[in-house]
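Below is one structure, written out as structure tokens; the observations come after it.
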Amino acid sequence: VLVNATGPKAADPLSYTTGGIIVLINAGIAAWTEHKAGDALEALSKMTQAAIYVMRDGKEVQVAVPTVVCGDVVVLGTGDVVPADVRLFEAKDFKVSEMALTGEPDDVAKTARVKEKKEGQPEKLTPETMAFSGCSITSGTGMGLVVDTGMSTRIGRIAQLINGDGGAGKTTCFCFPDTSANQTPLQQNLNKLGARIGILAIVICVGIFIIGWVTDRKDPSNPESAAWLYMILVSVTLAVAAIPEGIPLCVTISLSLGCKDVHKEVLVRKLAAVETLGSASVICSDKTGTLTEGKMTMVGMYAGGVTYEVTGKGFDPEVGQVLREGGANGAGDMGVKSNLLTAILCCNTTLSKEKDEDGVMKWKPKGNSSEAPIVVAARKVGLSETIASEYPRVLEVPFSSSRKMMLTVSRVSGTELCKGGMPLAAGTNYLTVCKGAPNYIIDLCSEQLKEDGSVAKLTEENKAEILKIVDGYSARALRVLAIAARPMKSLPYDESNEDVTTDQKFEACRKQLRLIGLVASIDPERDGVPESVLAARGAGIRVVMITGDYLLTAIAIAKNVNILQASDDVETSAMDCAVLRPNNEYLSDQEMDNVTRCTRVFARAKPEDKLEIVKSIQRQGQVAAMTGDGVNDAPALNQADIGVAMGIQGTEVAKGASDMILTDDNFCSIVAAVEKGRAIYAGIQKFVAFIMSVHIAEVMQIFLCIVVGIPVMRTPLQILFLILVTDLPPSIALGMEPGEANILKMRPRPKERSPSC
Ligand SMILES: Nc1ncnc2c1ncn2[C@@H]1O[C@H](COP(=O)(O)OP(=O)(O)OP(=O)(O)O)[C@@H](O)[C@H]1O
Ligand code: NA
């Protein structure tokens, strides 16, 4: 029919109907593909749905937030978003941000116990024993019973009030899903371009219509019909030819398909990320778990003033020993026992044998990655972490990235800590243990445990000596933790007073500490990371490590993964973040930019430093990608051009603030995604150029024929048909091209560049 219809002797009505059908088919394809793109986006948003731990059948299982029901017991941790209204029955150092609910900017402490209201105490905005849906947990852990879900939660009812209509979904035309909310800057620019072309097309059409009508141009295949009728057909055809309606469509398709297969380890949460990725010029990455495996093994120890070597591999406690210099077994040494036992008292990590994917039994730690090597090493000397139950814990101040240490107080009794462990003075009932960053802990110590169990004063010279040992370990790329303890007759705070905050208890306990020892663990770099860093460097991208670890450790690892190369000056490329905030205040923008301009390693970073660093990098006109996992990283992830959250380590808050999620936490995936982002952008550039040139050629052709007065070379129907078959398929093909092999060898695309240059 089409071939006949486009033939020179086609019957008139048929030709008009076929034309109409083709236009309809074209619109149909457009609607369908856009709908598909919408589906892809929806699937993406499902994949990135928030998850939470609940108790089911006596076990902790992870479920999607919408499946949480009333009566569920939820397990809440720092960085989670409370999934429903929850009555807490357990809360440790538990604080939430109720900003979304009450507008209150300060974190609110929650407790499981109902307290009597005292006279004159200000009324609390929300009950202390309740955690409300939508609030993020900024510190501590807790457990609670779900009492309200969905729209019947506090925040749900507020949302209802605001909507006024019971929260009915927004209405969209059924055939054209509304994707405008998710438009990228590129799409917006292209839409503007489209609008301009549209206006131009209308002007040209009207012009041609007038010229053709005035010069009485008739349909060559049907000379009897009126000129104006023919000219209407020509102008409409011209309009179709002139408007590159395929561009926005192809861009949406290209981006959303790109979203899906950027890299199988990357979940893209926002379309714009794919586009921005290609122009990233700085990647700021975490160290532990991202550049390194995050699977630490203890290799060295300093206890009771003696250094030891720890042998073995991985998490297997059955192979490996603690050895003195010279090779003698140190497992029975008082210092080793005391060091590892006190360390375990300040850990929340357990070790067990589990079947892995291949069905092989393997040792697996559950808990914190810095604590795993301690638990493993302790088993090597015959101390299982279950021994901690013999020392009931009365206080825990969880590890936090800003404190850089963890503190516990446990009950102790007897004359020694354990059989063969450090002696305890008569009347000792409690033991404070503090473990964390050595340069912070050593400052808090006033004495040191010696080899024979005696205690010596810790002088400034001693401190310097110990820091030298720390530096020695750090230069070997090891993470060092210091363990300090304080035997006490009674608690240094009033336990019965419920108004004493965790911070106050922390201050009261972390004094006059006795240094027990140091533990040093290796964290091997991930496979492929050194190569990925080199690839990124070759692509004109600066890779920056931001870590909470010690400067020397950070430098050693940075060298191993090529972030620092022989040609880089360590003096200017690596720094302790304390430099950014002398006197606890950040430098001025100008000074800050000078310092961050060529830095590649930021050590001892606090979460809030990330935000300042990313802002500074952006002020220098760079496009920054930033990784993060903690609840405190959210502002930096939000600020970065591409916020990258960790899929495994990452908290829900970090994921919510991110543009993309690395499901394997691996740095290599970021570089792979940048490469793909560049390819997608290059593809878009290609088909935009292609579609534009096809359309311009068509318009020129008709325009010239009409103006010069020769017969139009193609009938309107032929043009419509050509556009149908020539526009969409080749553009989609161009957009999906894998990209040139050397795409990572080019410089990053500057920030503000339109796709047509
Ligand atoms: N569980 C822990 N208990 C006590 N101290 C810890 C613990 N984990 C880490 N630390 C100390 O805090 C320091 C930094 O921790 P932080 O969480 O800020 O960095 P990180 O996230 O572990 O490292 P990265 O930023 O490289 O991923 C470590 O170098 C270590 O000294
Ligand atoms: Na971190």
Side-chain angles (χ1 to χ4, degrees), residues 298-312 317 320-347 373-383 387 391 410 412-428 431-439 441-474 476 478-488 512-521:
M298 197 184 297
V299 296
M301 190 193 313
Y302 170 82
V306 184
T307 49
Y308 296 87
E309 187 194 339
V310 184
T311 61
Q321 289 174 303
V322 179
L323 301 174
R324 272 178 171 255
E325 220 171 305
N329 195 335
D333 288 11
M334 188 281 308
V336 173
K337 279 196 166 172
S338 310
N339 196 28
L340 289 173
L341 180 58
T342 44
I344 292 182
L345 294 182
C346 192
C347 278
I374 296 175
V375 175
V376 173
R379 288 211 186 205
K380 287 178 186 173
V381 303
L383 291 168
I387 199 174
Y391 304 82
S410 305
V412 292
S413 55
T415 54
E416 50 183 16
L417 183 62
C418 62
K419 205 165 160 296
M422 79 178 176
L424 296 176
T428 305
L431 186 74
T432 294
V433 182
C434 194
K435 87 173 191 307
N439 51 341
I441 301 263
I442 290 172
D443 269 346
L444 305 170
C445 290
S446 54
E447 50 187 42
Q448 184 189 4
L449 179 71
K450 293 312 240 183
E451 199 182 348
D452 57 1
S454 63
V455 176
K457 231 178 108 48
L458 196 63
T459 62
E460 287 306 312
E461 290 93 74
N462 298 144
K463 287 187 184 181
E465 268 167 43
I466 294 168
L467 280 177
K468 240 190 222 142
I469 299 174
V470 173
D471 286 356
Y473 282 136
S474 303
R476 288 162 56 197
L478 304 178
R479 165 167 285 194
V480 193
L481 292 186
I483 322 287
R486 176 182 170 199
M488 303 177 298
Q512 299 150 24
L513 295 177
R514 175 188 304 174
L515 183 74
I516 311 290
L518 305 168
V519 294
S521 309

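Throughout, numbering of the chain's residues begins at 1 and tracks the sequence.
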Show every donor-acceptor pair shorter than 3.5 Å between a side-chain atom in residues 322-334 and any protein atom, with sequence neighbours excluded, or say none if there are none.
unit_1, atom_1, unit_2, atom_2, d
Arg324, NE, Asp333, OD2, 2.7
Arg324, NH2, Asp333, OD2, 3.1
Arg324, NH2, Glu451, OE2, 2.6
Asn329, OD1, Ala331, N, 2.8
Asp333, OD2, Tyr308, OH, 2.6

By side-chain hydrogen bond (donor to acceptor under 3.5 Å, both in side chains), Arg479 pairs with (sequence neighbours left out) Thr288, Ser370, Asp549

When every non-hydrogen atom of Val412 is compared with those of Leu431, the smallest separation belongs to CG1-CB, 3.8 Å

In terms of heavy-atom contacts, Leu518 and Pro438 come closest through CD2-CB, 4.4 Å

Looking only at atom types and distance, does a side-chain atom of Ser338 sit under 3.5 Å from a main-chain N or O of Met422, one as donor and one as acceptor? yes

Applying salt bridge (charged side-chain N to carboxylate O under 4.0 Å, His left out) to Glu309 and not counting sequence neighbours gives none

Distance col, row Ser446:OG vs Lys457:NZ, nearest 0.5 angstrom, shows 7.0 Å

Across all chains, not counting sequence neighbours, the side chain to side chain contact (heavy atoms under 4.5 Å, CB included) partners of Asp452 are Lys450, Ser454

Is a side-chain donor or acceptor of Tyr473 paired with a backbone partner of Met301 at a separation under 3.5 angstrom?
-> yes

Taken to the nearest 0.5 Å, the spacing of Leu467 CG from Ile442 CD1 works out to 4.5 Å

Rounded to the nearest 0.5 Å, the CG atom of Asn462 sits from the CD atom of Glu447 at a distance of 12.0 Å

Between Cys418 and Tyr391, the two heavy atoms sitting closest are CB-OH, 3.6 Å

To the nearest 0.5 Å, atom CG of Leu417 lies from atom CG of Leu341 at 4.5 Å

Q. Taking side chain as C-beta onward, heavy atoms only, is Arg486 less than 4.5 Å from Cys434?
A. no

Here the pair of heavy atoms bringing Thr311 nearest to Lys380 is O-NZ, 2.8 Å

TODO: Dump the intermediate steps for side chain to side chain contact (heavy atoms under 4.5 Å, CB included) on Met298 and Val376, then the final yes or no.
DONE: CA-CA 8 Å; Met298 197 184 297; Val376 173; over 6 Å; no

Indicate yes or no: at least one non-hydrogen side-chain atom of Val519 is less than 4.5 angstrom from one of Lys435. no

Quick one about Ser474 and Asp471 (side-chain donor to acceptor, distance below 3.5 Å, no hydrogens or angles considered), yes or no? no

The reported gap from CD1 in Ile516 to CG in Leu449 (rounded to nearest 0.5 angstrom) is 5.0 Å

Hits for side chain to side chain contact (heavy atoms under 4.5 Å, CB included) against Pro423, two or more places apart or cross-chain, chain-then-number order -> none

Rounded to the nearest 0.5 angstrom, the CG-OG1 distance for Leu345 and Thr432 is 11.0 Å

Exercise for the section: Check whether any side-chain heavy atom of Tyr302 sits under 4.5 Å from a side-chain heavy atom of Ile466, and report yes or no. Expected result: yes

Sorted by chain and number, sequence neighbours left out, side chain to side chain contact (heavy atoms under 4.5 Å, CB included) with Ala343 holds for Ile374, Ile483

All heavy atoms of Gly436 vs all of Ile441, minimum pair found to be N-CD1, 3.5 Å

For Leu340 and Ala377 the tightest heavy-atom approach is CD1-O, 3.8 Å

Is a side-chain donor or acceptor of Lys337 paired with a backbone partner of Gly420 at a separation under 3.5 angstrom? no

